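One structure is given below, encoded as structure tokens.
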Amino acid sequence: MDGKEYRIAFLTVDWNYELVESTLHGLKRYVDDHKNVHLFAFDCFGKNLDNAKDRSEYAIFDLPDLSTFDGLMIQGNQIVLQRIREKLEARIARARIPAVSIGCPMDGCTLVRIENQRAQHDITEHVIRKHHARRLVFITGILDNSCPEARQRRDGFMDACEENRIPRENITVIEGDWRNVTGKRIAEDWLEKGKKLPDAF
């Protein structure tokens, strides 16, 4: 890399979440090896509830003047409020800087992602074939926003069940929202109602 100094902004949510922590560690390794790259991280704990607390959390994204940066990285799959992503898309267009979104398509950004549908298909197939699961429960992420990850993962799960001839009555899909507390509530509700445990959640 040339000797120019580069200022890169990174926008993300929830620094103690494994996905974000891993990304931050990777970025730190990169800037440690490239002393002319300066990373500015803007992180919050906003979720998907669109309440006063979440709105105040996301306000940290309003702090940087994006036009003063050489590039922008957004952990788009962590920003689950669609209107926040749309607001950022408009600011990126005005700033006219190179931008990358991780995991979620955003206007004005190059998309870096995993093959969610294939990955979930392979995980589900492993549980079915190697662990002989025949009754499965799948808890989704947020299905009703513009980020396709949750739908792709659900579709991968359903594809694997269909290919492995799991009867439809043995499959339960519960809509979630990516939050640990929601998974905990679903599990507790399942147990409190005395439902028969599936072979796999």
Side-chain angles (χ1 to χ4, degrees), residues 1-2 4-48 57-58 60-124 126 140-157 159-160 176-180:
M1 185 175 282
D2 58 37
K4 178 183 173 183
E5 300 284 313
Y6 292 92
R7 290 165 42 88
I8 309 296
F10 176 55
L11 277 53
T12 190
V13 177
D14 201 350
W15 59 267
N16 67 348
Y17 187 61
E18 184 179 4
L19 177 68
V20 176
E21 184 181 24
S22 296
T23 304
L24 285 167
H25 282 304
L27 291 171
K28 182 180 184 307
R29 282 198 305 271
Y30 185 86
V31 297
D32 284 347
D33 292 338
H34 300 82
K35 300 302 183 187
N36 59 333
V37 177
H38 308 284
L39 183 73
F40 298 81
F42 298 87
D43 196 353
C44 71
F45 284 94
K47 296 297 183 189
N48 65 310
E57 288 280 356
Y58 282 114
I60 195 170
F61 294 162
D62 296 331
L63 293 178
D65 177 354
L66 298 184
S67 65
T68 66
F69 291 90
D70 299 294
L72 172 67
M73 293 174 33
I74 303 173
Q75 202 137 23
N77 56 359
Q78 282 293 102
I79 302 172
V80 293
L81 278 183
Q82 183 172 339
R83 66 178 186 79
I84 298 295
R85 289 198 308 273
E86 290 171 352
K87 184 178 177 182
L88 285 170
E89 288 171 345
R91 292 180 61 207
I92 291 165
R94 288 194 301 272
R96 301 177 65 154
I97 60 172
V100 173
S101 175
I102 301 170
C104 185
M106 291 180 63
D107 288 346
C109 295
T110 298
L111 175 63
V112 176
R113 64 180 177 86
I114 66 166
E115 291 288 345
N116 284 287
Q117 190 161 339
R118 170 54 59 184
Q120 189 62 59
H121 170 279
D122 292 351
I123 290 168
T124 305
H126 172 85
T140 75
I142 299 171
L143 296 171
D144 62 350
N145 68 13
S146 62
C147 191
E149 280 194 326
R151 295 187 301 277
Q152 291 168 347
R153 294 181 189 189
R154 178 204 57 199
D155 292 348
F157 167 80
D159 289 347
D177 58 12
W178 301 122
R179 296 186 303 146
N180 292 340

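Since the structure is predicted, the reported quantities are computational estimates derived from the model, not experimental observations. Sequential numbering from 1 along the given sequence is applied to the chain's residues.
Phe40 has its side chain out of reach of Pro64: every pair of non-hydrogen atoms, C-beta onward, lies at least 4.5 Å apart. Counting heavy atoms from C-beta on, the side chains of Trp178 and Gln78 never come closer than 4.5 Å. Between Ile79 and Tyr58, some side-chain heavy-atom pair lies under the 4.5 Å cut-off. Inter-residue side-chain proximity for Tyr30 and Leu39 is flagged as unmet; no heavy-atom pair is nearer than 4.5 Å. Annotation: side chain of His121 is not in contact with side chain of Ile123 (no heavy-atom distance under 4.5 Å). Counting only heavy atoms from C-beta outward, the side chains of Asp62 and Arg91 approach each other to under 4.5 Å.
Contact between Glu89 and Met106 at its shortest, heavy atoms only, is OE2-CA, 3.2 Å. Of all non-hydrogen atoms in Ala9 and Phe69, the two that sit nearest each other are N-CD2, 3.6 Å. Considering every non-hydrogen atom in both Ala150 and Gly141, the closest pair reads CB-C, 3.5 Å. The shortest heavy-atom contact between Ile92 and Gly108 is CG2-O, 3.9 Å. A pairwise comparison of heavy atoms in Asp144 and Ile142 identifies OD1-CG2, 3.3 Å as the closest pair.
The CD1 atom of Ile8 sits 10.0 Å away from the NE2 atom of His38 when rounded to the nearest 0.5 Å. One finds the SG atom of Cys109 at 6.5 Å from the CG atom of Leu72 (value rounded to the nearest 0.5 Å). Atom CD of residue Gln152 and atom CG of residue Leu143 lie 11.5 Å apart, to the nearest 0.5 angstrom. Put simply, CD on Gln120 and CD on Glu149 are 11.0 Å apart, with the number rounded to the nearest 0.5 Å. Note that the CG atom of Leu11 and the CG atom of Leu66 stand 7.0 Å from one another [nearest 0.5 Å]. In this structure, CG on Leu88 lies 11.0 Å from CG on Leu81, to the nearest 0.5 angstrom.
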*Show the numbers, then the answer: is there a salt bridge (Lys or Arg N to Asp or Glu O under 4.0 Å) between Asp122 and Arg118?*
CA-CA 6 Å; Asp122 292 351; Arg118 170 54 59 184; 3.2 Å; yes
*Could you give me the CA-CA distance, side-chain angles and deciding distance for Arg85 and Ser101, then say whether side chain to side chain contact (heavy atoms under 4.5 Å, CB included) is met?*
CA-CA 10 Å; Arg85 289 198 308 273; Ser101 175; over 6 Å; no
*Would you please test Tyr6 and Asn36 for side chain to side chain contact (heavy atoms under 4.5 Å, CB included) and show each step?*
CA-CA 6 Å; Tyr6 292 92; Asn36 59 333; 4.1 Å; yes
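Look at Asp32 and Lys28 and you find a salt bridge, because one of the NZ, NE, NH1 or NH2 atoms lies within 4.0 Å of a carboxylate O, short of that distance.
The backbone N or O of Phe45 lies less than 3.5 Å from a partner atom in the side chain of Glu57, making a donor-acceptor pair. Put simply, the side chain of Asp43 gets close to the backbone of Asp14: a donor and an acceptor are under 3.5 Å apart.
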